[in-house]
Amino acid sequence: MTADRQLLEMQGIDKSFPGVKALDKVDLTVYAGEVVALIGENGAGKSTLMNILGGVLQQDSGTIKIEGQPVVIKNVSDAIKLGIGFIHQELNILDNLSIAGNIFLGREPTRLGPLRIINRKRMWAETEPYLKQLGLNLPPKTILSQMSIAQQQMVEVAKALSLNARLLIMDEPTSSLTLTETKKLFDVIRQLRSSGVSIIYISHRLSEVKECADRVVGLRDGANVGSLERDKITHDNMVRLMIGRKLEDFFVSPKAQAKDDYFRVSDLATQRYPHHKITFEASRGEILGFAGLVGAGRTEMAHAIFGVDTTTGGSVSIAGEKLRIRCAGDAIENGIYLIPEDRRKSGLITDMTFRENITLPDLNSYTILGLIQRSRETGVAEKQCEKLKMKLTSVETLVKNLSGGNQQKVVLAKWLALKPKVVIFDEPTRGIDVGSKAEIYHLMRNLADSGVVIVMISSDMEEILGVSDRIAVMHEGQITGILTRDKFEEEAVIRLAVGQTNWAGNKDN
Amino acid sequence: MKKELGIFAMLVVLCIVVTILNPLFLSGMNLQNTARLVGMFGIFSIGVGIVIITGGIDLSVGSLFALFGVLLSFMLMRWGWPWPLAIAAILLIAIAVGVFHGFLVTKIHLQSFIVTLCGLLFYRGLARYIAEDQTLGFGYCTGFETLQKLTTGQVLGVPMPFVLLIIISFIMWVVLHRSVYGRYLFAVGRNEEAARFSGINTSLVIASSYVVSALMAGFGAILLAFYTNSISPSSHGSFYELYAIAAAVLGGCSLRGGEGSIIGIVIGAALLQVLQNLVNLLGIPSSLNFAVMGTVILIGVITDQILGRRKAKS
């Protein structure tokens, strides 16, 4: 499928930041109409390389050629002029403007001469063809805040295309998309490729890379570590490329545990789906996975159990004892902890130190006469730091200065310093690199083995199938099926996730 | 701590400059009077600072001075209440006002700026209506001389308001920097959602900060009323909320919340009073008063920003 016309050639790119060599003579070639996946752990240099290409940063040395011509990319507008479009993980949109308004931001067609009144009709008309090309069936005047994340992302793609982009950089484009939306995005990628647009695709989800990439380029510690052609792209090969060794036990298989239904949720109804009731049991030592599309009500369920959202009915019990949970404090007192989806927003106070974050949920136990004993805080923080094998210079490090994987460990550490009975993980490895992922899976399994009930919400199919002992699939606020390990199958999960409960392969349900 | 050192240096430099330009600054009389003002302004600035640390703002304190002053005069002079009862009543009303503000902010989810702006208008209007726009006072304080001594007297030459400030700021320092509640205040100011997800009753913490602020305003109002002994409800304490906010910001509080210290706020309050004093001592036209203050605050904040940015770069 790849043409042999070279579109981009980056050669010997060097980049240093104070104290760190971020890129060391990195090469990257992209052919016209090719999808190149750039993989590597966090800190491997992917973002730095892409930021250089996109004009956000400048290389210390090395050359960039577009169609054989050496170019200098001094800023973002240079990159745009050269036909390079950058779709960031955090979308760069103004959600109070319309689709057309976003696409033409800063270059609105005007009329009435010096009055510079925006020519809205023309803007709408010129937007239309791009939307059609991308299969986005919405009027150009639709305001972005009324659209889904996937649709907003398409607007960004449309904007890049309207700027004559020949090369699109997509950084973790699927991190907040549902399964169906991801499939749709891949259709768009295929269609762009066949129209001659090249794509550099960055993702931690290897199954997605496998599905859409023509070639995989690996980076490790700021240097090239080789590439894989289409027929060599396998999960194992990619992991080896990224971390330089084979991940023997990426997922840890469970030990057989006695079913004791220790944790029970009955007829729980959330604010979002007040008429749909959730009932399930989970045993000590078990990891119960929750699969489903984004918006299936899994996070709402977790928030309701944890007491941060109000419920409209139902009960939660541990060891047969009904709990009264009206706020997070009640849940914590009963040993139910939540590791939230957005750790920076709700899991951590990033402007506080490691020590302060660790002790926050249980601060009263560190006091004498109401005064906090800082030495005891430090002691516990250091113990947790060691337990989770975190390399910190000091427990006084501000959490915002840690990597994504380490931040997730801080959230974990803060709960593990207490006495967990039930731990709910909401998207535990979103945006975390492969190495840290494996560590978090190990931690989850060890926690389960020590007799804790683990509830894991995940939209990552590989993770849900690899980590769970049982999978509960949700659709619009209801559990549509619970699969035991012998029934684990991607198709079964997807069918249940879209609400299909009776199909040929599911006779015994 | 760095921020406090910076503002402290600014205070010292300012004091030296004023002394050089007019040695009267160091006269016992002037020092006493300045200390008295620092005491009063420091106390309610601490209250406002606590609200700012949670990420809110309290604009109502200036008008509360008028309302509390009027009520205090009525209680003592017109209704002849025993002074301990009057003081207790004022402080209880202050707490009720704080609870009301806190309720509106945390349960009705109104922005603190709006809530306390309405307070600023409402309490001032109420004070003027109750007093029928008449200037009130305490005359010769017959019957409550003890209270007069407690508020305007001195201990070993140190004016009472300053003594009270030392006591209150020590208590508040322990509360803010050493207690669980203090840690919660910072946590809520930095990231309310994460604090809630850590099991903190964030509504209660935020609401309580308005109670602290109103209570400090209550203390401040009593001191101010006896200091002036003349309460004209339309101007008494007006703009004082801005002195408090300025003191907090100069002292290192961020209006985004989650940052600040008691020592910083107190030094900030002191700095503003020395500035005021400078205007008087140097014979600068008093009409320029606010302009001088605005300039100095601006210089302070700009310096802090530039130094902060240079530090972040290195």
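Everything numeric here is computed off the predicted structure, so don't read it as measured data. Per chain, numbering begins at 1; letters A, B, ... match sequence-line order.
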Q. Which one, A/Thr367, A/Asn364, A/Leu338, leads in non-hydrogen pairs under 4.5 Å with chain B?
A. A/Asn364
**Q.** A/Leu371 vs B/Val174 side-chain heavy atoms within contact, under 4.5 Å
**A.** yes
Q: For the residue pair A/Thr359 and B/Arg183, establish whether any side-chain heavy-atom pair is separated by less than 4.5 Å.
A: yes
**Q.** Side chain / backbone / both / neither for A/Leu348 at chain B, heavy atoms under 4.5 Å
**A.** backbone
Q | Atom CZ of A/Arg344 with >12 non-hydrogen neighbours under 6.0 angstrom | A | no
Q) Which bit of A/Gln373 is near chain B, if near means a heavy-atom gap under 4.5 Å: side chain, backbone, both or neither? A) neither
Q) Side chain of B/Asn191, backbone of A/Lys345: donor and acceptor closer than 3.5 Å? A) yes
Q. For A/Ala328 and B/Gly199, which heavy atoms make the closest approach, and how far apart are they?
A. CB-CA, 3.7 Å
Q.
Can you confirm whether more than 12 heavy atoms, excluding those of B/Phe8, are under 6.0 Å from its CZ atom?
A. no
Q: Please report the closest heavy-atom contact between B/Ser198 and A/Lys414, naming both atoms and the distance.
A: OG-NZ, 2.8 Å
Q: Inspect the surroundings of CZ in A/Arg376 and state if more than 12 heavy atoms from other residues, nucleotides or ligands are less than 6.0 Å away.
A: yes
Q.
Can you tell me if B/Phe100 has over 12 outside heavy atoms packed within less than 6.0 Å of its CZ?
A. no
Q | CG on A/Leu360 to CZ on B/Phe186, rounded to 0.5 Å | A | 13.0 Å
Q: Compare every heavy atom of B/His177 with every heavy atom of A/Arg374, then report the nearest pair and how far apart it is.
A: NH2-O, 4.4 Å
Q) If you count heavy-atom pairs under 4.5 Å with chain A, which of B/Arg196, B/Glu259, B/Glu193 comes out on top? A) B/Glu193
Q: For residues A/Met352 and B/Ala187, report the shortest heavy-atom separation together with the two atoms involved.
A: CE-N, 3.6 Å
Q) Out of curiosity, A/Ile349 CD1 to B/Arg190 CZ, how far, rounded to the nearest 0.5 Å? A) 8.5 Å
Q: Answer yes or no: does atom CD of B/Gln111 have more than 12 heavy-atom neighbours from other residues, nucleotides or ligands under 6.0 Å?
A: no
Q. Once the angle between the rings of B/Phe197 and A/His303 is folded into 0 to 90°, is it parallel (under 30°), tilted (30 to 60°) or perpendicular (over 60°)?
A. perpendicular
Q: State, to 0.1 Å, how close B/Ser179 and A/Ile372 come at their nearest heavy-atom pair, and which atoms those are.
A: O-CD1, 3.4 Å
Q. Hey, which of A/Val411, A/Asp351, A/Ile332 has the most heavy atom pairs under 4.5 Å with chain B?
A. A/Asp351
